[in-house]
Visitor: 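Supplied in structure tokens, the structure appears directly below.
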Amino acid sequence: QVQLVESGGGLVQAGDSLRLSCAASGRTLSRYARAWFRQAPGKEREFVAAINWSGGSTYYADSVKGRFTISGDNAKNTLYLQMNSLKPSDTAVYYCAGAASYFGSSWYPDLSRYAYWGQGTQVTVSS
């Protein structure tokens, strides 16, 4: 049984920083791609960032490029999302996701490719 547990969300002001963590158990997530998605109220879940199996390549949505950094600690089987210069538009529930098999980087933003999901952590950015 694979479990992903996110933490680190909260209420912050615009311009602040947060670091989200996603601790995995039951499977070594670093074997394949891992990603962060987010879902704002009334909107579809959208891709935020992804990292490949080795951690050597990272991918970002245009809306967060230059502000967010995805990373992984394979020894701890944990995925991170460092979020800087937060904006009210970043307000959403953030989900980590892990793949169960290999797929190319062009598919990283496709949420249907991910087999494992956390329960989400709320990030609220006030103006």
Visitor: Do you know the tightest heavy-atom contact between P88 and S127?
Guide: CG-CB, 3.8 Å
Visitor: So, using side chain to side chain contact (heavy atoms under 4.5 Å, CB included) as the criterion, who are the partners of T28 when residues are at least two apart?
Guide: S30, R31, N77
Visitor: Quick test of your reading: applying salt bridge (charged side-chain N to carboxylate O under 4.0 Å, His left out), list the pairs with at least one residue in residues 91-104, sequence neighbours left out, ordered by first then second residue.
Guide: none
Visitor: Name each donor-acceptor pair under 3.5 Å that joins a side chain in residues 6-16 to protein atoms two or more places apart or in another chain, with its distance.
Guide:
from, atom 1, to, atom 2, distance (Å)
E6, OE1, Q119, N, 3.0
E6, OE1, Q119, NE2, 3.4
E6, OE1, G120, N, 2.8
E6, OE2, C96, N, 2.8
E6, OE2, G120, N, 3.3
D16, OD2, Q13, N, 3.1

Visitor: So, using side chain to side chain contact (heavy atoms under 4.5 Å, CB included) as the criterion, who are the partners of K65 when residues are at least two apart?
Guide: Y60, D62
Visitor: Which residue pairs satisfy the disulfide (SG to SG under 2.5 Å) criterion with at least one member in residues 97-127, sequence neighbours excluded?
Guide: none
Visitor: Output every pair passing ring-ring contact (aromatic ring centres under 6.0 Å, His included) with a member in residues 3-58, not counting sequence neighbours, ordered by first then second residue.
Guide: F37-F47, F37-Y114, F37-W117
Visitor: Enter the distance from M83:CE to L18:CG here, rounded to the nearest 0.5 Å.
Guide: 4.5 Å
Visitor: Ignoring hydrogens, what is the shortest heavy-atom contact between V48 and V64? Give both atom names and the distance.
Guide: O-CG2, 3.5 Å
Visitor: Measuring from atom CD1 of I51 to atom CG of L81, what distance do you get when rounded to the nearest 0.5 angstrom?
Guide: 10.5 Å
Visitor: Which pairs with one or both residues in residues 25-90 pass disulfide (SG to SG under 2.5 Å), sequence neighbours excluded?
Guide: none
Visitor: Name all residues meeting the side chain to side chain contact (heavy atoms under 4.5 Å, CB included) criterion together with A100; count only those two or more places apart in sequence or in a different chain, and write none if there are none.
Guide: R27, A115, Y116
Visitor: Name each donor-acceptor pair under 3.5 Å that joins a side chain in residues 104-111 to protein atoms two or more places apart or in another chain, with its distance.
Guide:
from, atom 1, to, atom 2, distance (Å)
D110, OD1, S112, N, 3.0
D110, OD1, S112, OG, 2.7
D110, OD2, S112, OG, 3.3

Visitor: Surrounding OH of Y102 (heavy atoms of other residues, nucleotides or ligands, distance under 6.0 Å), is the total greater than 12?
Guide: no
Visitor: If we ignore angles and hydrogens, is there a donor and acceptor under 3.5 Å between the side chains of T78 and D73?
Guide: no
Visitor: Side chain to side chain contact (heavy atoms under 4.5 Å, CB included) for S17 and Q82? Distances and angles first, verdict last.
Guide: CA-CA 7 Å; S17 298; Q82 177 67 44; 3.9 Å; yes
Visitor: Does some side-chain heavy atom of I70 sit less than 4.5 Å from a side-chain heavy atom of L79?
Guide: yes
Visitor: Would you mind listing every disulfide (SG to SG under 2.5 Å) that reaches into residues 29-58, with sequence neighbours excluded?
Guide: none
Visitor: Please list all pairs passing the side chain to side chain donor-acceptor pair (under 3.5 Å) test where one or both residues lie in residues 89-101, with sequence neighbours left out.
Guide: R38-D90, R38-Y94, R67-D90
Visitor: Please list all pairs meeting disulfide (SG to SG under 2.5 Å) that have one or both residues in residues 34-70, counting only residues at least two apart or in different chains.
Guide: none
